[in-house]
Amino acid sequence: MTTELHHLQSAAHPMIDTQFLAGERELTEKDLRPYLQPLGRSIDLSPVDERIEEIRADDDIDASLIDAELAPTLHRTLDLTRNEAADAGLWHYLCVVRFPEFVHYRWDHVFNPESPGNMEEKFLKAGTDAYSNALHRIWWGAELTYEEGESGEVEDRDYSRTKRVLGFQELANDILDHDFARYIPVTHACGDLLGHDTLNEIKDEGTYDDPPSNSNIASRTTTLLREELTVRRVEMMEEDDIVETIKELRDDVMRREAGWS
């Protein structure tokens with residue numbers, strides 16, 4: 001069964017109140033009808049429903065891995081253009097009307113009735129903010145990290161980097177929260193050079209007696225990269241130059257954090 005996609009207008013945002021954010025009431029399409037604008041696209045979202053059910057039924061899946069586990073199915077199913085995905089109202093509709101149970105399942109731990117902003121942004125952020133909205137962040141995390149297969153077909157895409165990035169929450173946050181996130185060569189290089197496997201391999205070489213944590217390395221390196229890209233035009237950099245720049249910043253962070261000058 002297909003779902004007709006809609007844009008949820010901002011006039012409806014006052015209805016996303018503390019009671020809704022607490023999961024104490026639902027908002028249906030009927031409730032929000034005056035604020036829903038059809039987008040002319042209908043998609044069968046049942047694969048996403050089924051994958052969410054599988055994830056919720058698997059007691060072995062750590063909460064920090066939920067985004068990584070859902071990302072390939074969400075991205076393949078919601079085969080949107082980037083222009084379509086840039087519509088914040090689409091993600092508000094999906095989070096508020098179509099998948100509110102998933103948002104609560106994934107993010108209820110951030111809800112604070114005295115300060116509901118952190119939970120509100122999981123439903124109502126998006127657009128230029130790739131970091132906050134519960135589904136928007138997963139879709140863009142996949143869009144910016146997947147590899148096209150030889151066939152070019154959706155089913156042939158490789159999401160191994162996507163799972164690596166979204167499975168390392170600090171790295172995913174550090175990438176998606178920076179302006180460079182939407183430039184794919186940078187995102188790919190960050191995913192390849194700052195993932196757990198790569199950093200653990202460096203540590204296993206024994207170069208540093210007391211190496212810093214992977215989270216600290218990823219956070220410090222992406223912060224320095226953001227600063228570096230304020231004085232360099234990233235679109236003018238070759239991919240090899242991007243890789244070398246990130247590698248140098250990462251290695252410098254590891255040396256300094258390990259007490260080397």
Side-chain angles (χ1 to χ4, degrees), residues 67-68 71 75 80-88 91 121 125-133 136-148 157-205 207-208 210-261:
D67 291 353
H75 191 254
L80 306 171
T81 67
R82 288 194 171 190
N83 187 49
E84 290 172 325
D87 181 351
W91 299 102
E121 70 180 20
K125 282 284 187 176
T128 57
D129 179 357
Y131 170 81
S132 299
N133 180 280
H136 182 264
R137 62 181 271 120
I138 298 175
W139 191 93
W140 275 102
E143 171 70 11
L144 297 169
T145 53
Y146 83 92
E147 289 281 356
E148 199 75 71
R157 291 172 180 170
D158 179 359
Y159 288 97
S160 56
R161 183 187 292 109
T162 300
K163 298 191 75 168
R164 189 161 63 241
V165 170
L166 291 179
F168 182 1
Q169 284 297 295
E170 292 85 354
L171 177 59
N173 294 342
D174 288 335
I175 291 174
L176 296 175
D177 198 28
H178 288 313
D179 291 338
F180 60 69
R182 298 192 188 224
Y183 191 62
I184 282 183
V186 175
T187 308
H188 282 199
C190 285
D192 294 341
L193 296 169
L194 300 175
H196 278 308
D197 290 347
T198 302
L199 297 181
N200 289 340
E201 284 179 12
I202 295 173
K203 291 179 179 181
D204 287 344
E205 293 172 357
T207 304
Y208 306 99
D210 187 20
S213 69
N214 291 350
S215 298
N216 200 15
I217 297 168
S219 179
R220 290 284 299 131
T221 302
T222 52
T223 297
L224 291 174
L225 178 61
R226 181 197 61 192
E227 294 171 0
E228 179 76 13
L229 295 181
T230 62
V231 295
R232 301 177 68 179
R233 191 173 179 83
V234 67
E235 296 87 349
M236 301 297 291
M237 296 171 67
E238 299 290 339
E239 291 190 20
D240 288 347
D241 191 20
I242 291 171
V243 169
E244 285 305 311
T245 298
I246 296 173
K247 192 180 294 184
E248 288 175 7
L249 293 173
R250 179 201 65 193
D251 293 349
D252 188 49
V253 166
M254 294 190 74
R255 283 194 297 271
R256 289 176 182 274
E257 293 291 318
W260 293 22
S261 61

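Side-chain atoms are counted along with the backbone in the values below, which use heavy atoms only and exclude waters and symmetry mates.
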**Student:** Mind checking side-chain hydrogen bond (donor to acceptor under 3.5 Å, both in side chains) for Ser219 and listing every partner two or more places apart, or none if nothing turns up?
**Tutor:**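 With neighbours one apart ignored, the set is empty.
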**Student:** Can a donor-acceptor pair be found, under 3.5 Å and without considering hydrogens, that links the side chain of Trp91 to the backbone of Ala85?
**Tutor:**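 Indeed, once roles are kept as given, a pair shorter than 3.5 Å links the two residues.
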**Student:** Let me confirm one number: the CG-CD1 distance from Leu171 to Ile217, rounded to the nearest 0.5 Å.
**Tutor:**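 With rounding to 0.5 Å, CG (Leu171) is 11.5 Å from CD1 (Ile217).
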**Student:** Distance check, rounded to the nearest 0.5 Å: Leu224 atom CG versus Arg256 atom CZ?
**Tutor:**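 One finds 9.0 Å between CG of Leu224 and CZ of Arg256.
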**Student:** Looking at residues at least two apart in the chain, or sitting in another chain, which of them share a salt bridge (Lys or Arg N to Asp or Glu O under 4.0 Å) with Lys247?
**Tutor:**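 Applying salt bridge (Lys or Arg N to Asp or Glu O under 4.0 Å) to Lys247 gives Glu244.
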**Student:** Can you list everything that forms a salt bridge (Lys or Arg N to Asp or Glu O under 4.0 Å) with Asp241? Sequence neighbours excluded, please.
**Tutor:**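 Only Arg232 meet the salt bridge (Lys or Arg N to Asp or Glu O under 4.0 Å) criterion with Asp241.
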**Student:** Test of understanding: with side-chain hydrogen bond (donor to acceptor under 3.5 Å, both in side chains), list the residues that count as partners of Trp140, not counting sequence neighbours.
**Tutor:**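 With sequence neighbours excluded, Trp140 shows a side-chain hydrogen bond (donor to acceptor under 3.5 Å, both in side chains) to His136, given in chain and number order.
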**Student:** Find the distance between SG (Cys190) and CG (Leu144) and round it off to the nearest 0.5 Å.
**Tutor:**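 So the SG of Cys190 and the CG of Leu144 are separated by 11.0 Å.
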**Student:** Among all residues two or more places apart in sequence or in another chain, which pass the side-chain hydrogen bond (donor to acceptor under 3.5 Å, both in side chains) test with Ser160?
**Tutor:**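 Testing Ser160 for side-chain hydrogen bond (donor to acceptor under 3.5 Å, both in side chains), a comparison that skips the adjacent residues, returns Asp158.
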**Student:** Write out all pairs satisfying salt bridge (charged side-chain N to carboxylate O under 4.0 Å, His left out) with one or both partners inside residues 165-187, taking only residues at least two apart or from two chains.
**Tutor:**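 Matches after skipping sequence neighbours: none remain.
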**Student:** Only counting residues at least two apart or in another chain, list the ones meeting salt bridge (Lys or Arg N to Asp or Glu O under 4.0 Å) with Glu143.
**Tutor:**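 So Glu143 forms a salt bridge (Lys or Arg N to Asp or Glu O under 4.0 Å) with Arg82.
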**Student:** Listed by chain and number, what are the ring-ring contact (aromatic ring centres under 6.0 Å, His included) partners of Tyr159, not counting sequence neighbours?
**Tutor:**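 ring-ring contact (aromatic ring centres under 6.0 Å, His included) check on Tyr159 returns His75, Tyr146.
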**Student:** Would you say that Glu121 contacts Asn133 through its side chain, given a criterion of any heavy-atom pair below 4.5 Å between the two side chains?
**Tutor:**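 SC-SC contact between Glu121 and Asn133 ruled out.
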**Student:** Can you pull the salt bridge (charged side-chain N to carboxylate O under 4.0 Å, His left out) pairs that have at least one residue in residues 193-205, sequence neighbours excluded?
**Tutor:**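 Passing the test, one end in residues 193-205: no pairs.
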**Student:** Just jot down the salt bridge (Lys or Arg N to Asp or Glu O under 4.0 Å) partners of Arg220, sequence neighbours excluded, or say none.
**Tutor:**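 Partners of Arg220 under the salt bridge (Lys or Arg N to Asp or Glu O under 4.0 Å) test: Glu257.
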**Student:** Name all residues meeting the side-chain contact (heavy atoms from CB on, under 4.5 Å) criterion together with Thr81; count only those two or more places apart in sequence or in a different chain, and write none if there are none.
**Tutor:**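 By the side-chain contact (heavy atoms from CB on, under 4.5 Å) rule, Thr81 matches Asn83, Glu84.
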**Student:** Could you grab the distance from atom CG of Asn214 to atom CG of Asn200, nearest 0.5 Å is fine?
**Tutor:**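 It comes to 5.0 Å.
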**Student:** Taking only distance into account, with no hydrogens and no angle test, what donor-acceptor pairs under 3.5 Å do side-chain atoms of residues 161-169 form with protein atoms, sequence neighbours excluded?
**Tutor:**
| from | atom 1 | to | atom 2 | distance (Å) |
| --- | --- | --- | --- | --- |
| Arg161 | NE | Asp192 | OD1 | 2.9 |
| Arg161 | NH1 | Thr145 | O | 3.0 |
| Arg161 | NH1 | Glu147 | OE2 | 3.0 |
| Arg161 | NH1 | His188 | ND1 | 3.3 |
| Arg161 | NH2 | Glu147 | OE2 | 3.0 |
| Arg161 | NH2 | Asp192 | OD2 | 3.2 |
| Thr162 | OG1 | Thr145 | OG1 | 2.6 |
| Arg164 | NE | Gly191 | O | 3.4 |
| Arg164 | NH2 | Asp192 | OD1 | 2.8 |
| Gln169 | OE1 | Arg106 | NH2 | 3.2 |
| Gln169 | OE1 | Arg137 | NH2 | 3.3 |
| Gln169 | NE2 | Ser64 | O | 3.4 |
| Gln169 | NE2 | Leu166 | O | 2.7 |

**Student:** Taking Thr230 for its side chain and Glu227 for its backbone only, find out whether a donor-acceptor pair lies under 3.5 Å.
**Tutor:**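 The answer is yes, because a donor-acceptor pair under 3.5 Å joins these two groups.
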